[in-house]
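Notes to accompany the following structure.
Counting convention: from 1, in listed order, for ligands and their atoms alike.
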Amino acid sequence: MTLTPQAASERMREICARAPVMPVLVIHDAAHARPLAEALIAGGLPVLEVTLRTPAALAAIEAMAGLPGAVVGAGTLLTPEDVRAARAAGAEFGVSPGATDRLLEACAEEGLPLLPGAATAGEVMGLLERGHDMVKFFPAEAAGGAAMLRALAGPLPQVRFCPTGGIGPDNARDYLALPNVACVGGSWVAPPGPIAAGDWAGIEARARQAVRLRPARPEEGGR
Ligand code: 3PG
């Protein structure tokens, strides 16, 4: 099933609207996958990015994919082989640190919605030419942070971003307050220590705190 970039972007916009934070997960033991996902979902974060950086990653995606309420994606997609493996494991979407023609074409062919990475105006323009207007801004802090995204909103107001890389509880609000930011990604909600220790209650509490990072919009009765 092929997927147009426009349809992929639309689906990614829907997914990114589900929660203010997309946990970026590095899972070393597939047995951790289900309790970890359940904790994050219970805490209010249903959209999960499992990075393909460990031997356990695909099995983790398989274990999480059927969980009620979960929207599980595969991160660190670099090659067409990664795309096919992610799809076969049950990933609903993909995330990549940058974008290449081969990767974009593989996602279209496999029907996998992609959140492609970009760090400069030129890279964003290249994605726009291909039909992608929902983009991962990576590495967010190193590539200019919230100030860079505020600047990009001038000439490229049609693009929505999920900034990732160096974001945590101290700076997430700066990004989430921007009109061109749909959500932020980050590993701080589920870092290696609590995952290895099986501290699911602690991770659920971190998720609850992350949900509260989204600034209240005026129409929601906020400031
Ligand atoms: C990544 O790909 O590792 C993500 O950007 C997560 O970055 P972080 O660990 O700085 O949150």
Side-chain angles (χ1 to χ4, degrees), residues 12 15-16 19-28 32-33 36-37 39-40 43-45 47-58 60-61 64 71-79 82-83 85-86 91 93-100 103 107 112-120 123-124 127 132 134-149 152 160-176 178 180-197 199 202-203 205-214:
M12 285 314 311
I15 289 172
C16 289
V21 178
M22 185 188 303
V24 176
L25 306 172
V26 180
I27 300 177
H28 293 278
H32 291 151
L36 172 60
L40 291 165
L45 300 180
V47 180
L48 310 174
E49 176 191 335
V50 179
T51 58
L52 298 192
R53 294 182 204 170
T54 63
L58 290 169
I61 291 171
M64 291 172 158
V71 184
V72 182
T76 327
L77 295 184
L78 303 179
T79 67
D82 291 340
V83 174
F93 67 95
V95 184
S96 57
T100 67
L103 187 72
C107 285
L112 186 70
L114 179 69
L115 182 64
T120 66
E123 290 172 8
V124 175
L127 286 168
H132 288 275
M134 180 68 225
V135 173
K136 165 169 161 156
F137 177 54
F138 177 83
E141 281 291 288
M148 173 74 162
L149 284 179
L152 289 175
R160 289 292 172 277
F161 293 94
C162 170
T164 305
I167 300 179
D170 293 338
N171 59 2
R173 280 193 183 86
D174 299 340
Y175 290 93
L176 290 167
L178 299 174
N180 58 347
V181 168
C183 66
V184 302
S187 61
W188 88 89
V189 185
I195 294 178
D199 181 11
I203 289 174
R206 284 168 170 268
R208 284 189 199 288
Q209 286 168 358
V211 169
R212 288 198 290 269
L213 290 170
R214 192 194 292 284

Starting at [atom1] of [X], measure out to [atom2] of [Y] and round the result to the nearest 0.5 Å.
| X | Y | atom1 | atom2 | answer |
| --- | --- | --- | --- | --- |
| D82 | T76 | CG | OG1 | 8.5 Å |
| E141 | M148 | CD | CE | 12.5 Å |
| L40 | M22 | CG | CE | 12.5 Å |
| M134 | C16 | CE | SG | 3.5 Å |
| S96 | K136 | OG | NZ | 7.5 Å |

For [X], counting its heavy atoms only, list the atoms of ligand 1 lying under 4.0 Å from any of them.
| X | value |
| --- | --- |
| G186 | 11 (O) |
| G165 | 5 (O), 7 (O), 10 (O) |
| T164 | 4 (C), 5 (O), 6 (C) |
| G166 | 8 (P), 10 (O) |

> For ligand 1, is there an N or O atom under 3.5 Å from any N or O atom of S187?
Replying inline: yes
> Where does M22 meet ligand 1, judged by heavy-atom distances below 4.0 Å: at the side chain, the backbone, both, or neither?
Replying inline: neither
> Any donor-acceptor pair under 3.5 Å linking the side chain of N171 with the backbone of G166?
Replying inline: yes
>> Considering non-hydrogen atoms of the protein only, which is the closest contact for atom 2 (O) of ligand 1, and what is the distance?
In response: R53 NH2, 2.5 Å
